[in-house]
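Fair warning: this is a prediction, and the values are worked out from it, not measured in the lab. Just so you know, these numbers use all the heavy atoms, side chains as well, and skip hydrogens, waters and symmetry mates.
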Amino acid sequence: MYQTLTFLHSIFRWLVLLSLLYSIFRAYQGYFSDKIFSKTDDSVRHWTATIAHIQLVLGITLYSQSPIIKYFWKNFTEARESFDLFFFGLIHISLMLISIILITIGSSISKRKTDYREKYKKLLIYFVIALVIIFIAIPWPFSPLANRPYFR
């Protein structure tokens with residue numbers, strides 16, 4: 001089960017990134033072109049948040065099953081000395097939770113705004129901040145924090 005969760009979580013990251021980038025692109029385009037917030041824009045906003053929430057569920061399930069995390073919490077004093085363990089034990093999950101919260105808040109605020117420019121503006125602000133945090137928290141193969149392959 002752990003291998004399946006790792007694979008799904010790894011694959012789903014690309015869906016999160018693509019949907020978030022597409023949402024940001026549409027919000028940027030809509031905001032600076034003074035476009036009406038269409039049903040398609042609303043659908044993109046909704047599916048971006050939904051995909052992020054699915055990734056969160058996969059991540060929390062993986063977190064609860066991970067032998068790395070189990071070791072980290074059982075040997076906290078010793079394990080926090082290893083930055084790789086500390087990254088996955090606390091940093092990764094904390095930053096990802098913050099980014100999902102930002103996506104949720106941005107989506108929710110945007111949904112409730114009546115002015116089209118305000119909808120796009122809120123999406124831009126919250127989704128861009130979330131994307132930056134996600135880029136920092138992903139263990140890219142080139143990351144100095146912790147690295148994993150692009151696909152597991």
Trp14, Ile133: one ILVMFWY side-chain cluster at the under-4.5 Å cut-off?
yes
Is it true that, when you exclude Tyr28 itself, more than 12 heavy atoms of the residues, nucleotides or ligands shown sit nearer than 6.0 Å to its OH?
no
Output field: ring centroids Tyr116/Tyr120 closer than 6.0 Å:
no
Arg45 vs Asp42 side-chain heavy atoms within contact, under 4.5 Å:
yes
Give, for atom CG of Leu58 and atom OG1 of Thr6, the distance between the pair rounded to the nearest 0.5 Å.
10.5 Å
If you group Ile, Leu, Val, Met, Phe, Trp and Tyr by side-chain heavy-atom gaps below 4.5 Å, do Leu124 and Phe135 land in one group?
yes
Set out, in order, the CA-CA distance, both residues' side-chain angles and the distance that settles side-chain hydrogen bond (donor to acceptor under 3.5 Å, both in side chains) for Glu118 and Tyr31, then state yes or no.
CA-CA 8 Å; Glu118 279 297 308; Tyr31 182 75; over 6 Å; no
Check the hydrophobic clustering (I, L, V, M, F, W, Y; side-chain heavy atoms under 4.5 Å; chains of links allowed) and say if Tyr22 and Ile11 are grouped together.
no
Taking Ile101's backbone N and O only, do any of them form a donor-acceptor pair with Tyr126's side chain (distance below 3.5 Å, no angle check)?
no
Taking the six-membered ring of Phe37 as reference, does the cationic atom of Lys119 (NZ for Lys, CZ for Arg) lie under 6.0 Å from its centre and within 45° of its axis?
yes
Quick check: closest heavy atoms across Leu123 and Ala27, and the distance to 0.1 Å?
CB-CB, 4.0 Å
With rounding to the nearest 0.5 angstrom, report the OG to CD1 distance, Ser99 to Ile129.
11.5 Å
Given the rule in the side chain to side chain contact (heavy atoms under 4.5 Å, CB included) test, do Thr104 and His53 qualify, once you have shown the distances and angles that lead to the verdict?
CA-CA 9 Å; Thr104 304; His53 288 124; 2.7 Å; yes
Given 3.5 Å as the limit, does a donor-acceptor pair link the side chain of Ser64 with the main chain of Thr61, or not?
yes
Are any of the side-chain heavy atoms of Leu131 and Ile103 separated by less than 4.5 Å?
no
Among the clusters formed by ILVMFWY side chains lying less than 4.5 Å apart, do Ile60 and Leu102 turn up in the same one?
yes
Which distance, rounded to the nearest 0.5 Å, do you find between the OH of Tyr2 and the CD of Gln65?
10.0 Å
With the side chain counted from C-beta on, respond yes when Arg26 and Thr40 share a heavy-atom pair under 4.5 Å apart, and no when they do not.
yes
Tabulate below the donor-acceptor pairs under 3.5 Å that side-chain atoms of residues 87-96 make, not counting sequence neighbours, or state none.
unit_1	atom_1	unit_2	atom_2	d
His92	ND1	Ala137	O	2.7
Ser94	OG	Leu90	O	2.6

Atom pair CD1/NE2 of Ile51 and His46 - distance to nearest 0.5 Å
9.5 Å
Ser33 side chain vs Lys35 backbone, donor-acceptor pair below 3.5 Å:
no
Could you tell me which residues satisfy side-chain contact (heavy atoms from CB on, under 4.5 Å) with Thr48, sequence neighbours excluded, listed by chain and number?
Ser19, Leu20, Ser23, Val44, Phe127
Distance (rounded to the nearest 0.5 Å) between Leu8 CG and Met1 CE
10.0 Å
Going through the distances and angles, do Asp41 and Ile36 end up as a side chain to side chain contact (heavy atoms under 4.5 Å, CB included)?
CA-CA 9 Å; Asp41 293 317; Ile36 293 174; over 6 Å; no
Could you please spell out the steps behind the side chain to side chain contact (heavy atoms under 4.5 Å, CB included) verdict for Glu78 and Tyr71?
CA-CA 10 Å; Glu78 179 186 319; Tyr71 178 83; 2.7 Å; yes
Any link between Phe32 and Phe25 through a network of hydrophobic side chains (Ile, Leu, Val, Met, Phe, Trp, Tyr) touching at under 4.5 Å?
no
Could you tell me if the side chain of Trp47 sits less than 4.5 Å from the side chain of Thr50, heavy atoms only?
yes
With a 3.5 Å distance limit and no angle check, can you tell me whether Arg112 reaches the backbone of Ser108 through a side-chain donor-acceptor pair?
yes
Quick one: are Leu56 and Leu97 in side-chain contact, heavy atoms under 4.5 Å?
yes
Measure the NZ-CG distance between Lys70 and Asn75 for me, rounded to the nearest 0.5 Å.
13.5 Å
